[in-house]
Amino acid sequence: MSDTRPTRSFPLRVLAVLWGIVKVVVFGLGIILLVLLLLSYGAIRHFQTAEEKPLPEHFALLLNLTRAPPDEAAEPAWLRLSSSARPTLADAIAAIDRAAHDPRVTGLDIELGGNCCSLTTAEELHNAIQRFRDQTGKPAIARAMSFDGVSGLGAYVVASAASSIELSAAGDFGVTGIALQTPFGAGLLKKIGVDAQFEHIGAYKTYPQMYTRSQPSKANLEMLNSLAHSLYASSLAPIAARLHETRAQVKTMLDQAPFSPDQARQDHLVDAVLPLDARIDKFKGKTASLARYIAEAPAPAANATRVALIVAHGDIAAPSARDNPGAIDPRRLAREIAAALDDKNVKAIVLRLDTPGGTVTGSALIGAEVARAAAAHKPLIVSMGGLDASGGYWVSSHGAVLVADPATLTGSIGVLGGKLSFGTLLDRIGVTVTGASRGANALFDSPTTPWTKPQLASLQGMLNQNYQQFVGWVASGRHMSAAQVNAIGQGRVWTGVQAKKRGLVDEIGGYHTAFDAVRAALKLPVHAPLDIVNGNAKPGIHALLVRAFSKASPLGLAQLPPQLRALVALAHLHRLSMPPIEIR
């Protein structure tokens with residue numbers, strides 16, 4: 001029996017060629033049209049902005065915190081696909097600080113919502129609002145429909161810096177505490193036929209336990225309780241300061257929550273209850289949005305010292321990984337740091353990191369550029385966001401000054417390696433995977449074949465080597481001994497407050513503290529002007545097209561059959577393409 005395809009007739013071949021040309025032309029025209037539409041949109045937005053009237057002579061600055069300002073790199077205006085630009089957290093902090101020295105600003109009008117804020121974002125915003133009030137004596141009014149749960153705690157931490165807190169009569173005061181919960185799915189994985197194999201270095205490197213155990217280990221429980229205690233204590237501090245009570249007294253009060261709006265007012269947790277039929281505006285005058293105020297910021301002073309701000313958010317991918325918009329590309333970030341180091345006009349760098357960690361190779365690639373800053377005699381200040389743990393701490397450890405928020409989760413000096421094997425599950429749902437291989441370990445990374453005992457032993461050997469490298473790297477960056485690092489390592493996660501006590505960070509604070517550290521490192525006056533420039537590489541047309549097509553894609557996960565949806569979700573949870581060894 002022959003495998004040769006039947007030869008098509010000449011007319012059919014011509015039609016096939018013509019059809020191919022049509023597809024290429026249509027696709028190319030579609031790309032050109034999309035680019036032209038986006039460029040036209042950007043031009044229209046530019047002229048709309050140019051035609052806007054200047055800010056009024058006096059106005060209240062509106063802070064819309066119904067959603068948290070993103071703690072990520074700012075995008076060029078032409079790349080934004082929506083008409084309403086959302087200022088980044090760095091932009092918001094800088095604008096509030098600038099407003100404190102702007103005689104036009106009569107006060108702050110703050111609207112809070114259920115999506116504001118994480119504790120780290122809340123503490124940064126609280127501190128900025130408090131600085132505004134301390135420096136100006138002007139009012140800051142915070143309004144909320146409700147304060148509910150953990151997100152309500154973040155919003156209330158922001159509100160506690162205001163001169164007056166107003167709560168809608170339709171809402172409630174549901175700030176009841178903080179909870180850290182981790183699912184443990186070993187039982188489920190066993191039932192559905194998924195083999196979870198993980199090795200780790202460090203008693204507190206507990207990430208794999210969600211796959212390998214049905215209950216947390218003693219070390220895991222110890223760490224979770226320690227983190228919860230520290231995070232809650234940090235969040236209670238600003239509330240206690242506002243109420244002029246101790247944290248213990250505030251905790252006792254909140255243990256009785258949730259409260260009605262009237263009860264919250266009686267307990268002085270809020271100052272006013274908004275009626276159902278009206279929105280009370282304490283500022284009798286004109287207002288300006290935060291985005292508008294940022295857009296009209298004056299140019300930096302001529303004598304301002306230039307500082308590059310580089311923001312990195314997400315998992316640290318492997319250097320060989322494909323583009324992933326939600327992850328940190330180590331090659332790209334290393335190039336951004338190198339460019340700032342080589343730019344003679346840039347006198348210092350602030351590297352803002354928000355990452356749970358990632359690959360050893362990716363972390364080492366970025367960390368090498370951070371370490372090069374010391375050799376170049378250019379201060380590189382690390383500002384930690386909500387997370388700067390494991391691979392993130394590898395990157396940070398050679399910074400000149402490490403700044404963490406009280407609620408930052410950092411440390412986690414340890415390594416792990418493992419995989420989920422789906423062979424049994426695939427067999428149960430009728431999927432057969434077969435093929436050919438050569439080499440005893442050719443299927444080492446296969447998502448269908450479990451590891452053998454010799455392969456697990458080989459993995460453990462690699463982990464031991466990587467852990468020693470991690471400890472040695474941190475020790476050289478923090479000027480500690482390997483024994484000291486190992487004692488506070490072991491994969492343990494610390495809050496910013498706990499990390500400072502153990503020498504893992506230098507200062508407690510956020511963006512404001514990081515730029516103060518820049519001035520100190522450069523021996524500048526306390527209030528010396530800084531020209532803060534975006535050190536992130538400008539996204540090109542590729543990023544624009546990827547975003548546009550991802551939003552326009554007609555293929556959605558919801559269209560898949562239920563069995564395949566479950567399998568895809570499980571695979572995405574673990575990322576089948578992840579390298580065997582990660583630090584997170």
Side-chain angles (χ1 to χ4, degrees), residues 68 71 89 117-127 149-151 153-154 156-158 160 175 177-182 202-207 216 219-241 247-248 250-251 254 313 352-357 381-397 399 401-414 474 478 480 484-485 487-514 517 583-584:
D71 191 7
L89 180 59
C117 304
S118 70
L119 289 181
T120 49
T121 297
E123 286 166 345
E124 287 222 46
L125 290 168
H126 169 97
N127 292 340
V150 175
S151 60
L153 174 60
Y156 191 67
V157 167
V158 176
S160 65
V175 177
I178 189 170
L180 304 178
Q181 292 184 307
T182 301
Y204 298 93
K205 203 70 174 176
T206 55
Y207 171 80
N220 196 345
L221 278 177
E222 177 192 347
M223 181 171 65
L224 286 174
N225 277 293
S226 174
L227 291 174
H229 177 79
S230 182
L231 291 171
Y232 197 37
S234 294
S235 63
L236 291 179
I239 302 172
R247 284 186 291 195
V250 174
K251 179 183 180 302
L254 296 184
H313 175 86
R352 176 74 168 196
L353 287 173
D354 189 355
T355 173
I381 312 300
V382 175
S383 175
M384 300 181 178
L387 282 168
D388 187 30
S390 222
Y393 193 77
W394 178 307
V395 170
S396 301
S397 59
V401 180
L402 274 58
V403 180
D405 186 87
T408 296
L409 298 183
T410 188
S412 192
I413 300 168
V474 172
R478 298 302 297 167
M480 302 166 72
Q484 288 174 311
V485 175
I488 55 179
Q490 294 298 314
R492 182 152 184 171
V493 179
W494 307 99
T495 65
V497 172
Q498 294 171 331
K500 187 174 187 301
K501 292 178 180 177
R502 289 160 178 82
L504 291 176
V505 302
D506 303 298
E507 302 287 345
I508 295 296
Y511 281 107
H512 183 83
T513 304
I583 44 180
R584 65 167 58 249

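What's counted below: heavy atoms across the whole structure, side chains too, no hydrogens, waters or symmetry copies.
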Margin query: Any heavy-atom pair between the side chains of Leu254 and Leu236 that's under 4.5 Å?
Written below: yes
Notebook entry, point to check: Distance-only, no hydrogens or angles: does the Glu124 side chain make a donor-acceptor pair with backbone N or O of Tyr511 under 3.5 Å?
Noted result: yes
Notebook entry, point to check: Which atoms form the tightest heavy-atom contact between Leu353 and Ser396, and what is the distance?
Noted result: CD1-OG, 3.3 Å
Notebook entry, point to check: Any luck finding a side-chain donor-acceptor pair between Ser397 and Arg478 under 3.5 Å?
Noted result: no
Notebook entry, point to check: Does the side chain of Ile508 come within less than 4.5 Å of Thr513's, by heavy atoms?
Noted result: no
Check: When you look at Thr355 and Asp388, which way does the side-chain contact (heavy atoms from CB on, under 4.5 Å) test go after all the steps?
Finding: CA-CA 5 Å; Thr355 173; Asp388 187 30; 4.0 Å; yes
Next item on the list: Identify the two heavy atoms, one from Lys205 and one from Gly491, that lie closest to each other, and give their separation to 0.1 Å.
Entry: CD-CA, 3.7 Å
Note to self: Under the criterion side-chain contact (heavy atoms from CB on, under 4.5 Å), I'd like the reasoning laid out for Ile178 against Ser235: C-alpha separation, chi angles, the key distance, then a yes or no.
What the structure shows: CA-CA 9 Å; Ile178 189 170; Ser235 63; 5.8 Å; no
Check: Is there a donor-acceptor contact under 3.5 Å from the side chain of Ser160 to the main chain of Val157?
Finding: yes
What donor-acceptor contacts under 3.5 angstrom involve side-chain atoms of residues 227-234, with partners at least two apart or in another chain?
residue	atom	partner	partner atom	Å
Ser230	OG	Thr495	OG1	2.7
Ser234	OG	Ser230	O	3.1

Item checked: Given Val395, Leu402, Val401, the one that forms side chain to side chain contact (heavy atoms under 4.5 Å, CB included) with Val382 -> Leu402
Next item on the list: Applying side-chain contact (heavy atoms from CB on, under 4.5 Å), run through Trp494 and Lys501 and close with a yes or a no.
Entry: CA-CA 10 Å; Trp494 307 99; Lys501 292 178 180 177; over 6 Å; no
Check: What pair of heavy atoms forms the shortest contact from Tyr204 to Met223, and how long is it?
Finding: O-CE, 3.6 Å
Next item on the list: Kindly give the heavy-atom pair with the smallest separation between Cys117 and Ala122, and that separation in Å.
Entry: CB-N, 3.9 Å
Check: Has the side chain of Asp405 got a donor or acceptor atom that lies under 3.5 Å from a matching backbone atom of Gly509?
Finding: no
Next item on the list: State whether the number of non-hydrogen atoms from other residues, nucleotides or ligands found under 6.0 Å of Arg247 atom CZ is greater than 12.
Entry: no
Notebook entry, point to check: Looking only at heavy atoms, which two atoms of Asp71 and Gly385 are closest? And how far apart?
Noted result: OD2-CA, 4.2 Å
Notebook entry, point to check: Are any side-chain N or O atoms of Arg492 and backbone N or O atoms of Ile488, one a donor and one an acceptor, separated by less than 3.5 Å?
Noted result: no
Notebook entry, point to check: Would you say the side-chain atoms of Ser390 pair up with the backbone N or O of Ser412, donor to acceptor, closer than 3.5 Å?
Noted result: yes
Next item on the list: For residues Thr120 and Leu387, determine if any side-chain heavy atom of one lies less than 4.5 Å from a side-chain heavy atom of the other.
Entry: no
Note to self: Under the criterion side-chain contact (heavy atoms from CB on, under 4.5 Å), I'd like the reasoning laid out for Val505 against Met384: C-alpha separation, chi angles, the key distance, then a yes or no.
What the structure shows: CA-CA 10 Å; Val505 302; Met384 300 181 178; 3.7 Å; yes
Item checked: For the student: nearest non-hydrogen atoms of Ile381 and Ala517, plus distance -> CG2-CB, 4.0 Å
